[in-house]
Amino acid sequence: MGPPVVTAGLVMLLVATMLTIGTALTVEGFTTLLRRPHTLAAATAVNVAVVPAAAVALVHGLALDGPVAYGIVLAAAAPGGGTGTLLAYHARGDLALGVSLQGALAVLGLLAVPAWSLAAPYAGAAIGGAATAQVVAMLIAQLIPIAAGMWLRARRPTLAERVHELSRRVADLLLVTMTGYVLATTATQLAAIPATGYATFALLSLVCLAAYATPALATPAARRAVAMTTTVRNLSLALLVAGLSADATRVSLTVLAYALVMYAVAALALVPLRKSALLERISPDASSA
């Protein structure tokens, strides 16, 4: 399973993830989101500006550089992860908001990742014609399945539900397979990531969770959805860009290590978020006070 196969696997993962998102999106959902411009603007700013800026500040402040710093910035700059909506569901968040926001962020990430990657203290980033071609290819790889999924949901909703379940399972399988392969072949290298690197992963995950307090979110359910959608970064996109760098293995390993911490923090956060949702159902007045 050489690098070309790994790259092909990541491309398939990206397509499956975007098809999963597309079959859950509706034009009405986007229209509703556009009618809440303050919510959209605030959530977008947190995802494509605040979180990446925090990553850049942390890697500079903690004197991280090289592949580790680059991997951290790539992960932080890539919003719209495919499992964000699933976690929003488990957190009892506003699913309509979460799904629509995730679809918008998945596309915006294609601009955010290359832009913010230039701020990382790393000289091995891929820039120039080859990198531009890859970004265009990734844009196409995301837009086509998203558009196809939305079209299918509008025309054949029952079939769209089936495709959604299948593509979600395929994406989950690919993610587990790719992660397992890379970890199995690089497990001993995880210890090479400095403790400050792991501390940065945790701090950034907490910054993402703090999106719960984003202004312009009218309900607790909306806050839970934005918190989970923000916490789960689009690591398949980050891994694709990592593969273009001069130290592809080490940068990819950093992104995967970030994923382990990210999901651990998100899983722990589900407990208080679900509890708050339960309290709302029991005593709506008390939970909104």
Side-chain angles (χ1 to χ4, degrees), residues 3 6-7 10 45-81 108-135 138 178-179 181-211 230-266:
V6 173
T7 301
L10 289 173
V46 168
N47 273 274
V48 302
V50 175
V51 174
V56 172
L58 283 170
V59 297
H60 282 284
L62 296 174
L64 292 168
D65 58 13
V68 172
Y70 189 55
I72 290 171
V73 173
L74 289 183
L108 289 174
L110 290 164
L111 302 175
V113 171
W116 281 104
S117 68
L118 298 176
Y122 176 64
I127 56 175
T132 301
Q134 287 284 349
V135 169
M138 284 186 285
M178 299 300 298
T179 302
Y181 168 76
V182 175
L183 289 178
T185 56
T186 58
T188 57
Q189 300 177 38
L190 285 172
I193 297 176
T196 49
Y198 285 100
T200 303
F201 303 158
L203 286 171
L204 283 173
S205 297
L206 292 175
V207 169
C208 291
L209 282 174
T230 302
T231 300
V232 178
R233 313 309 285 172
N234 190 350
L235 299 183
S236 57
L237 173 60
L239 285 169
L240 277 172
V241 178
L244 301 174
S245 66
D247 303 279
T249 299
R250 293 183 63 196
V251 178
S252 298
L253 182 68
T254 301
V255 174
L256 288 169
Y258 181 97
L260 295 175
V261 176
M262 176 189 80
Y263 281 117
V265 171

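What you find for A242 and S252 is that their closest heavy atoms are CB-OG, 3.7 Å. Among all heavy-atom pairs drawn from A76 and R233, the shortest one is O-NH2, 2.7 Å. The two residues P52 and A77 come nearest to each other via the heavy atoms CG-CA, 3.8 Å. Here the closest heavy-atom approach between residue V56 and residue V59 is recorded as O-CG2, 3.2 Å. Counting all heavy atoms, side chain and backbone alike, A55 lies closest to V73 at CB-CA, 4.4 Å. Contact record, V68 with P194: CG2-CD, 4.2 Å, taken as the closest heavy-atom pair.
A distance of 4.5 Å separates CD1 of I72 from OG1 of T200, quoted to the nearest 0.5 Å. How far OG1 of T231 is from CG of L206: 9.0 Å, rounded to the nearest 0.5 Å. Separation of atoms CG (N234) and CG (L110) is listed at 8.0 Å; rounding is to 0.5 Å. Taken from CG in L260 to CG in L190, the straight-line distance is 7.0 Å, to the nearest 0.5 Å.
Here the side chains of R250 and I193 are not in contact, with every heavy-atom distance at 4.5 Å or above. In this structure, the side chains of Y198 and V261 come closer than 4.5 Å at one or more pairs of heavy atoms. Within the 4.5 Å cutoff, no side-chain heavy atoms of C208 are placed close to those of M262. Between V51 and W116 there is no side-chain heavy-atom pair separated by less than 4.5 Å. Counting only heavy atoms from C-beta outward, the side chains of V241 and S117 never approach each other to under 4.5 Å. Side-chain contact check for V207 versus L203: every heavy-atom pair is 4.5 Å or farther apart. Side-chain contact between F201 and T254 is present, with at least one heavy-atom pair separated by less than 4.5 Å. With contacts defined as side-chain heavy-atom distances shorter than 4.5 Å, the pair L256/L235 does not qualify.
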Practice task
Assess whether side chain to side chain contact (heavy atoms under 4.5 Å, CB included) is satisfied between L204 and L58, documenting all intermediate values.
Solution key: CA-CA 9 Å; L204 283 173; L58 283 170; 3.8 Å; yes
Handout entry: side-chain hydrogen bond (donor to acceptor under 3.5 Å, both in side chains) between Y122 and D247, intermediate numbers included
Key = CA-CA 10 Å; Y122 176 64; D247 303 279; 2.8 Å; yes
